[in-house]
Protein chains: 2
Amino acid sequence: MNVGGAPENGQVVIGLNAVIVAIIEEQPKVLVVQHTPETLTAQHETLTDRALPHDDRHEALPFGPFYPLKHRTLESGLRSWVEEQTNHEIGYVEQLYTFGNAGRDPREGAGGPRVVSVGYLALVQDTRPTAIENAVWQSWYHYFPWEDWRDGPPRILEKDIIPALRKWIAGSATREQREERYERACITFGLDDTPWSDELVLERYELLYEANLVNESQDGKSKPLPVDCRGTPMALDHRRILATAIGRLRGKIKYRPVVFELMPPTFTLLQLQRVVEALSGTQLHKQNFRRLIEKKGLVEDTGKIESQTGGRPASQFRFRREVLMERQALGVRHN
Amino acid sequence: MNVGGAPENGQVVIGLNAVIVAIIEEQPKVLVVQHTPETLTAQHETLTDRALPHDDRHEALPFGPFYPLKHRTLESGLRSWVEEQTNHEIGYVEQLYTFGNAGRDPREGAGGPRVVSVGYLALVQDTRPTAIENAVWQSWYHYFPWEDWRDGPPRILEKDIIPALRKWIAGSATREQREERYERACITFGLDDTPWSDELVLERYELLYEANLVNESQDGKSKPLPVDCRGTPMALDHRRILATAIGRLRGKIKYRPVVFELMPPTFTLLQLQRVVEALSGTQLHKQNFRRLIEKKGLVEDTGKIESQTGGRPASQFRFRREVLMERQALGVRHN
DNA sequence: CCTCATGTGCTCAATTTGAGTATAAGTGTG
DNA sequence: CACACTTATACTCAAATTGAGCACATGAGG
């Protein structure tokens with residue numbers, strides 16, 4: 001019996017996609033690879049026996065294959081190639097989701113193996129240049145400009161997205177559909193005074209995708225949308241994976257102390273706040289944020305003083321590693 | 001180039017494990033298959049070219065292979081075999097986690113393919129007998145007796161587990177290790193007045209596993225532990241998958257209205273409360289629970305009356321399906 | 001009619017949250 | 001050096017939420 005790879009059942013390869021996040025100058029950045037057909041071939045070594053369609057020369061998430069004989073676990077497989085290729089030590093790693101849709105990788109299909117991708121979120125502090133060719137740190141709001149509310153509602157929402165959504169709602173075939181679309185747009189995009197919820201990143205992206213308002217969903221006939229307006233597209237379904245990661249991280253920081261994985265060893269409370277704000281894309285009330293952090297006891301004063309604040313010098317704090325185990329239940333819940 | 005199934009890289013098969021949950025008579029039940037070597041062979045059709053070790057004739061989670069040529073998505077693959085085999089319509093399905101550890105399936109190894117399992121949580125209401133041979137609904141507290149706090153702290157905790165944990169803590173090699181173990185036991189098992197957290201199901205199981213306090217982790221030399229005391233073991237790593245599912249579901253009901261997937265079309269508020277209690281393994285304050293539910297507006301009075309309550313008749317309610325989209329942010333947060 | 005069991009409305013204090021005022025302690029400027 | 005400007009930090013206060021409980025309603029069964 002032909003176990004597993006039985007041709008009649010189709011073949012499967014497992015890929016590991018990493019969303020590697022760091023904060024650089026108060027911006028939430030992800031490591032992306034600028035693909036040309038050549039670098040793609042080099043990267044996807046085992047996968048690219050076929051050329052990529054022209055369309056897919058987009059920025060991509062770093063990707064590595066999973067070798068069942070070499071890697072004891074999925075996570076160790078991920079860690080090994082990421083650390084090897086980026087020279088970064090990755091502290092926190094979390095499995096996000098496994099993506100197995102047919103057609104998610106255009107190179108599959110007739111004869112090609114099905115590519116099932118396990119997405120991971122990794123948090124790093126160290127942002128030295130990586131050894132990955134063509135890899136750069138890119139703000140994640142580059143891909144999701146409507147997610148950054150740190151300076152109030154993003155202009156692109158008011159000016160472009162919401163009108164387009166209203167048109168999409170109005171273009172419904174039936175009344176039911178219209179109501180459903182309206183409802184959905186309200187929840188995800190905060191139409192008509194519905195509150196904005198920072199965690200619905202994936203839900204928003206999927207709505208835009210279905211409504212044909214992002215470039216990935218263009219059919220190739222209509223002319224592509226202006227890129228800087230609806231965010232930069234990514235290769236394959238990578239923007240979806242990134243949306244999953246952002247949503248997950250935004251949710252997680254509210255109840256687990258994962259922010260500290262992105263912080264330097266010591267930091268001021270305002271620096272911490274800026275990082276939380278960068279991730280969640282919102283603004284926080286400074287005094288209340290400070291009260292919250294102190295109450296949780298996640299942090300302790302080092303006694304040292306930071307004086308490059310531009311104002312009164314601030315105490316430097318350190319994350320109390322002890323509490324990583326202690327009270328799993330606490331993060332930096334804001335709003 | 002031998003794509004994907006390249007022998008030098010090892011082969012991979014993808015399996016789909018389902019934790020199918022229903023509430024029957026106020027107990028949270030999961031569908032398990034009582035494996036004999038024969039049924040196992042039938043079930044794991046593509047996988048069992050090798051006999052299972054004797055040890056693994058345990059209860060197992062229903063399992064189905066993923067056929068990349070037949071199934072467009074992982075989820076549809078799961079849905080199709082579950083619905084076909086159980087005759088149950090499954091409403092809610094959620095991907096849990098992808099398990100790819102080497103050695104998680106003893107049938108891999110020399111020459112065998114690596115079995116990567118994608119675990120899913122499915123919620124059903126309908127509990128008619130299934131068409132799966134040897135499948136039965138089993139209370140999940142059968143496998144995790146220490147997780148049921150509905151009648152106060154479970155006796156097994158005080159009498160057996162906590163003493164065993166203290167012994168494990170005391171048996172540490174170094175002072176650091178002792179402190180770490182103590183800390184961890186406090187958080188997960190609520191030692192010494194640390195509060196019990198219902199969501200840490202997996203963390204508790206893993207601690208017991210590492211401390212050699214559950215049967216799966218027995219080395220085969222020492223005599224097996226009394227089963228009814230530390231919960232019934234399951235095949236392979238299925239108890240871990242189940243723990244993941246319970247923890248996830250307990251967390252989820254607090255912020256998403258997923259409980260209703262387990263409810264009949266109409267129900268009284270007490271019935272709803274009992275279901276939440278069954279899932280979370282805790283007791284809730286009746287009046288406050290009612291206040292919470294009403295405030296959220298998740299539910300509407302049908303006008304009908306249930307009089308089989310044993311006391312004053314109760315109003316029957318219905319879940320407002322509309323809110324499934326509406327405010328994603330709300331569940332039945334208790335405690 | 002009385003008891004028992006549950007359903008349902010309401011109270012009340014403790015705590016948490018959201019928003020703001022006030023003051024401290026640095027930097028750079030005229 | 002007085003002054004504006006910036007950030008840090010302490011404290012206040014009202015509104016909202018939560019945890020616990022009392023009281024009464026409404027059925028069944030003796």
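Order of the sequence lines fixes the chain letters, A, B, ..., with proteins taken first and strands second; residue numbering starts at 1 for each chain. Computed from heavy atoms alone, side chains included, the values below leave out hydrogens, waters and symmetry copies.
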Identify which nucleotide among dC11(D), dG21(D), dA19(C) has an atom closest to any side-chain atom of H285(B), counting heavy atoms from C-beta outward.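 Output: dG21(D).
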Among dT17(C), dT8(C), dC22(D), which is the nearest nucleotide to the side chain of S315(B)?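 Looking only at side-chain atoms, S315(B) lies closest to dT8(C).
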Length of the line joining [X]:[atom1] and [N]:[atom2], which is rounded to integer Å:
X	N	atom1	atom2	answer
Q273(A)	dT6(D)	CD	P	17 Å
Q316(B)	dG7(C)	CD	C1'	14 Å
Q283(A)	dA19(C)	CD	C1'	14 Å
N288(A)	dC11(D)	CG	C1'	12 Å
K295(A)	dA14(C)	NZ	P	18 Å
F317(B)	dG7(C)	CZ	P	11 Å
K304(B)	dG27(D)	NZ	P	18 Å
E26(A)	dT7(D)	CD	P	10 Å

Tell me whether the OP1 or OP2 atom of [N] has a side-chain N or O from [X] closer than 4.0 Å.
X	N	answer
R290(A)	dT9(D)	yes
S307(B)	dA28(D)	no
K286(A)	dG20(C)	no

Under 4.0 angstrom, heavy atoms only, what part of the nucleic acid is T309(A) near: base, sugar-phosphate, or nothing?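 Sugar-phosphate contact only.
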Does L270(B) reach a base, just sugar-phosphate, or nothing at all? Heavy atoms under 4.0 Å.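 The answer is sugar-phosphate, as L270(B) gets under 4.0 Å only of primed atoms, P, OP1 or OP2.
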Taking the cut-offs as 6.0 angstrom to the six-membered ring centre and 45 degrees off its axis, would you call R230(B) and W146(B) a cation-pi pair?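 No cation-pi geometry.
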Exercise: do Y92(A) and E94(A) side chains pair donor with acceptor under 3.5 Å: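 Yes, E94(A) and Y92(A) have a side-chain donor paired with an acceptor closer than 3.5 Å.
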Can you find a donor-acceptor N/O pair under 3.5 angstrom joining the side chain of [X] to the base of [N]?
X	N	result
Q308(A)	dT7(D)	no
R312(B)	dA5(C)	no
R291(B)	dG9(C)	no

Does the plane of the ring in F319(B) sit parallel, tilted or perpendicular to the ring in F260(B)? Use 30° and 60° as the thresholds.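 Parallel.
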Separation of L123(B) CG from I20(B) CD1 (nearest 0.5 Å):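 Going from CD1 on I20(B) over to CG on L123(B), the span is 10.5 Å.
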Could you check whether R204(B) pairs with E147(B) (Lys NZ or Arg NE/NH1/NH2 to Asp/Glu carboxylate O, under 4.0 Å)?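 Judged by the 4.0 Å cut-off on N to carboxylate O distance, R204(B) and E147(B) do form a salt bridge.
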Please compare Q287(A) and P313(B) by the position of their nearest nucleotide in DNA chain C and report the one closer to 5'.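 The 5'-side residue here is P313(B).
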Between E294(A) and G310(A), just flag the one whose closest nucleotide in DNA chain D comes earlier from the 5' side.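 Its nearest nucleotide being more 5', the pick is G310(A).
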